[in-house]
Amino acid sequence: MSEYVIEMCHITKEFPGIIANDDITLQLKKGEIHALLGENGAGKSTLMSVLFGLYQPEKGVIKKEGREVKIKDPNDANELGIGMVHQHFKLVHNFTVLQNIILGVETTRGGFLKMDEARKKVMDLSRQYGLRVDPDALIEDITVGMQQRVEILKMLYRDNEILIFDEPTAVLTPQEITELMKIMKGLAAEGKSILFITHKLNEIKEVADRCTVLRKGRYVGTVEVAQVSKEEMSEMMVGRKVSLRVEKAEAHPGEQVLEVEGLTVVNREHGKKVVDNVSFQVRRGEIVCVAGIDGNGQTELVQALTGLIKTDGGTVKLKGADITYSSIRHRNTHGMGHIPEDRHKHGLVLDYPLSYNLVLQSYFEPEYCRGGFLKYDKINQYADKLIQTYDIRSGQGGRTIARSMSGGNQQKAIVAREIDRDPDLLIAVQPTRGLDVGAIEYIHRQIVAERDQNKGVLLISLELDEVMNLSDRILVIFEGQIVADLDPKTVTVQELGLYMAGSKREEGK
Ligand SMILES: Nc1ncnc2c1ncn2[C@@H]1O[C@H](COP(=O)(O)OP(=O)(O)OP(=O)(O)O)[C@@H](O)[C@H]1O
């Protein structure tokens with residue numbers, strides 16, 4: 001009997017213009033948590049999709065417990081006990097939790113669903129692994145964290161023994177991440193074998209036993225996590241030393257670039273104020289961060305500032321001019337840049353090529369358009385420049401369809417487009433979500449450079465490390481209100497946590 005529950009041997013998978021996996025070998029031991037680390041576009045999701053039967057490799061074999069197997073589709077994968085939680089969940093939104101879990105493997109008696117048995121099995125699994133879910137809630141009404149637990153239960157319900165998690169923490173809040181780490185350890189302790197894709201070295205250190213590193217589609221090596229440092233792992237992956245700290249000089253704030261006065265947004269469904277009489281300013285030459293636990297109004301605040309939703313009170317001024325009721329395009333062409341929270345919904349047109357996506361805010365300008373006709377050569381030239389400068393990796397350059405790009409490279413494309421327009425005010429929501437450490441270092445430098453060129457930056461981040469390292473001033477948002485205006489040099493992470501949890505509030509706020 002083999003030491004390995006799964007072996008992927010010499011896997012090669014090509015896409016037009018790119019070898020996504022070039023002779024990669026990955027060996028998974030029973031009961032281990034095995035991290036898969038690599039730069040954006042290194043081929044991690046592709047390799048996992050091969051294992052789950054979504055792609056057929058051109059070369060290589062897969063072995064289960066030493067025996068060669070063929071995985072033609074996800075049904076084959078399932079038969080072999082392999083389950084996957086995708087980066088973007090695959091749930092039916094108007095079905096309940098229970099219906100989603102049993103979908104496709106329903107057991108029936110006399111033509112009727114045996115719901116009671118299914119419910120019992122789900123609730124037993126939920127208790128056994130600490131996966132809290134409400135079986136009767138609709139998917140559209142539950143948090144992202146609970147949706148993920150539903151995906152995990154789906155795998156367990158199908159008795160999967162080999163669990164693939166593709167960047168599971170990218171969509172979670174810090175609290176949910178802690179919970180997931182605990183769940184993963186519990187699963188491994190019960191003998192499940194886990195493949196875990198993440199860019200966060202802290203998470204690898206916390207839960208993984210071994211880690212396989214990929215770079216540009218190739219296998220670099222497999223290490224015992226306890227025996228290497230975070231720095232060593234990032235060097236293996238990027239091929240050079242990476243600074244995990246942000247280097248920046250003292251800020252020199254100048255005149256106000258954004259003034260928000262009494263801004264209020266009421267939620268149309270429950271009638272509550274989600275942004276409640278918020279006032280603050282961002283000046284040129286400073287990075288102001290809005291910190292808060294997800295769901296405290298930061299999403300709506302940004303949507304109101306960028307014109308994606310209507311406000312119910314208050315004013316917003318950009319460079320002294322009232323833009324409260326201005327169109328999105330007006331804001332964009334008058335100095336506002338926006339890296340949105342949801343890159344698929346508000347950041348890209350997924351079925352357009354990369355080059356079109358890079359001029360979404362400027363294609364109508366004389367530079368790229370004459371008499372209603374697009375100047376394709378100019379657009380392509382500009383796209384090539386951004387692809388080079390920001391190291392956006394994709395198979396066919398500007399012609400690549402955005403949907404086929406790796407998640408991290410989609411994010412890099414948005415960041416490139418927004419920063420390159422050199423806005424007076426850059427609103428950056430989770431700008432480094434899903435990015436590898438090398439790319440994070442680069443984006444952080446770019447944001448600091450914007451600040452040093454006398455631009456204002458409003459950063460919204462759920463990552464406390466990013467908040468503490470990057471910002472010059474921290475505004476804490478709690479239940480739609482700004483409850484503190486803090487100096488990152490004097491506040492501690494613990495104190496920040498108290499403000500974020502609503503246990504503390506600055507006087508006069
Ligand atoms: N369906 C596809 N069609 C064409 N090219 C693809 C497709 N899927 C992936 N690629 C390309 O293969 C390469 C590897 O992508 P993959 O998604 O596996 O990377 P990744 O390591 O998971 O990256 P990230 O960390 O950014 O999610 C990328 O250059 C991507 O553009």
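All ligand and atom numbering here is 1-based and tracks the order in the structure.
Scanning all protein heavy atoms for the shortest distance to atom 30 (C) of ligand 1 gives S404 O, 3.6 Å. Remark: minimum distance from atom 1 (N) of ligand 1 to any protein heavy atom is reached at Y55 OH, 3.2 Å. In this structure, the protein non-hydrogen atom closest to atom 18 (O) of ligand 1 is T46 OG1, 2.6 Å.
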With a cut-off of 3.5 Å and sequence neighbours excluded, list every side-chain donor-acceptor pair involving residues 424-441.
residue	atom	partner	partner atom	Å
D424	OD1	R284	NH1	3.4
D424	OD1	R284	NH2	3.4
D424	OD2	K319	NZ	2.9
Q430	OE1	L462	N	3.1
T432	OG1	E466	OE2	2.6
R433	NH2	E341	O	2.6
D436	OD1	G438	N	2.9
D436	OD1	A439	N	2.8
D436	OD2	N40	N	2.7
E441	OE1	R240	NH1	3.0
E441	OE1	R240	NH2	3.3
E441	OE2	S243	N	3.1
E441	OE2	R445	NH2	3.2

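Remark: ligand 1 atoms within the under-4.0 Å shell around heavy atoms of I18 are 29 (O). Shown in contact with N40 at under 4.0 Å from a heavy atom are these atoms of ligand 1, numbered in order with element: 23 (O), 24 (P), 25 (O), 26 (O). The atoms of ligand 1 that sit less than 4.0 Å from any heavy atom of G408 are 24 (P), 26 (O). For ligand 1 and E167, the ligand atoms under 4.0 Å from any heavy atom of the residue are 25 (O), 27 (O). The M405 neighbourhood of ligand 1 comprises atoms 31 (O), with distances under 4.0 Å to a heavy atom of that residue.
Polar contact with ligand 1: absent for G395 (N/O pair, distance under 3.5 Å). Taking only nitrogen or oxygen atoms, main chain and side chain alike, G38 does not reach within less than 3.5 Å of ligand 1.
Checked by atom type, the side-chain pair E176/Q148 shows no donor-acceptor distance below 3.5 Å.
Among residues at least two apart or in separate chains, salt bridge (Lys or Arg N to Asp or Glu O under 4.0 Å) pairs with a member in residues 69-78 are E68-K70, K72-D76.
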